[in-house]
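Shown next, in structure tokens, is the structure this report addresses.
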Protein chains: 2
Amino acid sequence: MNRKRITSIDVAQYAGVSTSAVSRTYSAPGKVSASTRARVLAAADALGYRPNQLARALVNSGRQGSGIVAVVMGEFDNPFQPWMFGLLTQALQQQGRVPMLVHVTEQCDIRARLQQALSWQVEAAIISAGSLSQEATERCLELALPMVLMGREDKRETVTAVLSDNRMAGELAAEYLGTQGLTQLAYIGGRQDGQASLERLAGFRSGLIQRGLSAPVVMENRDYAYHSGYQAMSRLLREHPDIEGVFCACDALAFGALDALRLNGGQVCQVVGCDDTPQAAWEGYRLTTVRQPVEQLVAQTIHHLKQVLDGNSPTGTTVRMTPTLIVR
Amino acid sequence: MNRKRITSIDVAQYAGVSTSAVSRTYSAPGKVSASTRARVLAAADALGYRPNQLARALVNSGRQGSGIVAVVMGEFDNPFQPWMFGLLTQALQQQGRVPMLVHVTEQCDIRARLQQALSWQVEAAIISAGSLSQEATERCLELALPMVLMGREDKRETVTAVLSDNRMAGELAAEYLGTQGLTQLAYIGGRQDGQASLERLAGFRSGLIQRGLSAPVVMENRDYAYHSGYQAMSRLLREHPDIEGVFCACDALAFGALDALRLNGGQVCQVVGCDDTPQAAWEGYRLTTVRQPVEQLVAQTIHHLKQVLDGNSPTGTTVRMTPTLIVR
DNA sequence: TTGAAAGCGGTACCAT
DNA sequence: ATGGTACCGCTTTCAA
């Protein structure tokens, strides 16, 4: 605790320039002569100076923006979310922005959490709406804040949204299962108000019908969790023992389904997931699944976030990324 | 964009008091008369005022601390980490502090990341050292910052550490496997420089020897990942086909081991994990495992963080929490 | 280009 | 208990 904190004043003194010069060196390198900048950097280096982001954010929160971006996300126990969060975090940090996680749980007061984030002057929000309830998403959209919606689209609002082409995901699954010559098919859905789940079902159903197959048996669920998949599959085996193939709204559900299958007598039934989380590649599962292009989703989200912040986002743009079938 | 930002000045005017009164209402409620506070709160409510945390943190970063706590963490793909992160986040937020994730990956420059965090004036750090390499942990310890180490102990430094009693974890595993009457046992370790892994092995070994059993075959690994567990187990089955029981340094490894077992001919072999991540309860695994009391670890960490911040942490305190065997 | 000075939104010490 | 005011560390007009 002996070393005092180095400020731009110290650097200015040491370099024999004004604090303005120091400031400009960091935030507007073009507006200082090369010589001044060199001296400042030398001084900073000698003194071990790093600009105070807090002060910077405070003053910038009016003009440029604080650099803090809220990431609103739930279902942290579904591997998909932490995975995406990790990627978003890295991407944001590379831009000099800093993510602030707003962790939404079932029994938490979203409004309060959001207000808390706002009081840190977040300049924008990335809403991982796929992991949120309809209602939670609603609360987020109320925020008068630049934002990008991920994994869910909202037609009424003029919000930029980035998500996978979920219909196509369903169609890919239908095509795959159809090509295998399977005819008795089912769909294990996720959360009722989950747009992704509904869209995937729609795609799946229409894909089947296009192939002259009958519509799938549909199992509803309350969430996207493993246990739901397990139970749904168990029930399916009981109620529709002739089932030959199942498409699940997400990988976690598929893992549950696979295990139910395995434990309930090893009946032959093809399971297809959706997401392609790292776990899908586990030797124990080797899950055939429809891959969401997560890296691309993240890249697009970051890109559009910039657009929105620069005021370049026309009307409610929606970007849909193309999923791919991963056969394992 | 039409609504101007409300500041304490606005509230003060509206309430007919000074900004000091407003400030006190929020940060030292004891130092304002009930009546004043009431008026301020009413005004704040009417105007929709929320104190600007950025400004607050800036000025407090000298005295009280900014309220920002760095959480340094790696291996986000091991379910254990996100799980803990979620809990830490919630606990911190309840205290009015805000977590700032420093996501450490293999190929990232830790020093740079840490400096970045420091420039936000984080007032303390929670180092999830169990998920970090020895070297990364070293870099963290260099920080002249109040901190709590999780999942690793450092005797040289006078750092407060919170972790599980890993030796006991190993002993519990030994006891369990021994009681089953198994004699040919092995250990599947995690990262080489992983203290937890080594301690668990030590406890496991001594537990076995105490029971008159021979020391375990030890399989080394480079990380705590599923695939490592899978490969280790596969090798084990090849090289030591008579193996009867395996203790793994963490659940992820155990999942890999279980799957290797399942796929390589279904040889009978008891697998015990360590952590008790939510996944261990999956029907497909039903993993018997040594549970880390994560909630307690988090609670203790938060508690000691406060101590450290208040300057009440004597010498390098080390808190070891008791693990429990979960039989499935 | 460069420096002086006025903030950004609060907090805390100082009298009153 | 209350208000006045200097100040936290940086950015940004505004003149020079």
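First the proteins, then the strands, lettered A, B, ... as listed; each starts at 1. FYI, side chains are in, hydrogens and waters are out, and symmetry mates aren't considered; it's all heavy atoms of this structure.
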Problem - Interatomic distance where CG belongs to B:Leu118 and P belongs to D:dG9 [whole Å] - result: 15 Å
Practice task
With the side chain of A:Pro51 defined as its heavy atoms from C-beta on, choose the nearest nucleotide among D:dT12, C:dG10, D:dC10.
Solution key: D:dC10
Exercise for the section: Report the nucleotide, chosen from C:dG10, D:dC10, D:dT2, that has the shortest atom-to-atom distance to any side-chain atom of B:Val59. Expected result: C:dG10
Fill in the blank from the handout: note: B:Trp120, atom CH2; D:dG9, atom P; distance rounded to Å ~ 16 Å
Exercise for the section: Classify the nucleic acid contact of A:Val32 as base, sugar-phosphate or nothing, counting any heavy atom under 4.0 Å across all strands shown. Expected result: sugar-phosphate
Problem - Presence of donor-acceptor pair under 3.5 Å, side chain of B:Ser23 and base of C:dG9 - result: no
Exercise for the section: Would you tell me whether B:Thr36 and B:Ser33 have side-chain atoms, one donor and one acceptor, within less than 3.5 Å of each other? Expected result: yes
Exercise for the section: Report yes if a side-chain nitrogen or oxygen of B:Ser20 is closer than 4.0 Å to either non-bridging phosphate oxygen (OP1 or OP2) of D:dG4; otherwise report no. Expected result: no
Practice task
Output the single nucleotide from C:dT11, D:dG9, D:dT12 whose closest atom is nearest the side chain of B:Ser27.
Solution key: C:dT11
Handout entry: Short side-chain N/O contact to D:dT12 OP1/OP2 from A:Tyr26, under 4.0 Å
Key = no
Practice task
Would you classify A:Arg37 as touching base, sugar-phosphate or nothing, given that sugar-phosphate means primed atoms plus P, OP1 and OP2, and contacts are heavy atoms under 4.0 Å?
Solution key: nothing
Problem - B:Glu123 and B:Arg63 ion-paired at < 4.0 Å - result: no
Exercise for the section: If the plane angle is over 60° it's perpendicular, under 30° parallel, otherwise tilted; pick one for A:Phe76 and B:Phe76. Expected result: perpendicular
Handout entry: Whole-Å gap separating C1' (C:dT11) and CD (B:Gln121)
Key = 16 Å
Problem - Rounded distance in Å - CG (B:Asn60) to C1' (C:dG9) - result: 12 Å
Practice task
Identify which nucleotide among D:dG9, C:dT2, D:dG3 has an atom closest to any side-chain atom of A:Arg24, counting heavy atoms from C-beta outward.
Solution key: C:dT2
Handout entry: Phosphate-side-chain proximity, A:Ser33 and C:dT2, N/O vs OP1/OP2 below 4.0 Å
Key = yes
Problem - D:dG9 OP1/OP2 closer than 4.0 Å to side-chain N/O of A:Ser8 - result: no
Exercise for the section: Could you state the atom-to-atom distance from CZ of A:Arg56 to C1' of D:dC10 in whole Å? Expected result: 8 Å
Problem - For atom CG of A:Asp10 and atom P of D:dG9, their distance in whole Å - result: 9 Å
Practice task
Name the residue closer to the 5' end of DNA chain D, choosing between A:Arg63 and B:Val17 according to the nucleotide with the nearest heavy atom.
Solution key: B:Val17
Practice task
Please determine if A:Arg111 and A:Asp109 form a salt bridge, counting it only when a charged side-chain N lies under 4.0 Å from a carboxylate O.
Solution key: no
Exercise for the section: Please state whether the phosphate of C:dG9, meaning OP1 or OP2, lies under 4.0 angstrom from any side-chain nitrogen or oxygen of B:Gln53. Expected result: no
Handout entry: D:dG9 phosphate, OP1 or OP2, under 4.0 Å from A:Thr7 side-chain N/O
Key = no
Handout entry: Trace of the side-chain contact (heavy atoms from CB on, under 4.5 Å) decision for B:Asn52 with A:Gln121
Key = CA-CA 7 Å; B:Asn52 183 329; A:Gln121 316 302 114; 3.4 Å; yes
Exercise for the section: Name the nucleic acid region contacted by A:Ser61, choosing base, sugar-phosphate or nothing; use a 4.0 angstrom heavy-atom cut-off, strictly under. Expected result: nothing
Handout entry: B:Gln93 and A:Arg113: CA distance, side-chain angles, deciding distance, side chain to side chain donor-acceptor pair (under 3.5 Å) verdict
Key = CA-CA 9 Å; B:Gln93 293 192 332; A:Arg113 285 250 146 299; 3.0 Å; yes
Practice task
When you get a sec, tell me which of C:dT2, C:dG9, C:dA12 is the closest nucleotide to the side chain of B:Gln64?
Solution key: C:dA12
Exercise for the section: To the nearest Å, give me how far apart CZ (B:Arg5) and P (C:dG7) are. Expected result: 18 Å
Handout entry: Per A:Ala21 side chain, nearest of listed nucleotides D:dG3, C:dT2, C:dG3
Key = C:dG3
Exercise for the section: Mind calculating the distance between CD1 (A:Ile9) and P (C:dA5) to the nearest angstrom? Expected result: 14 Å
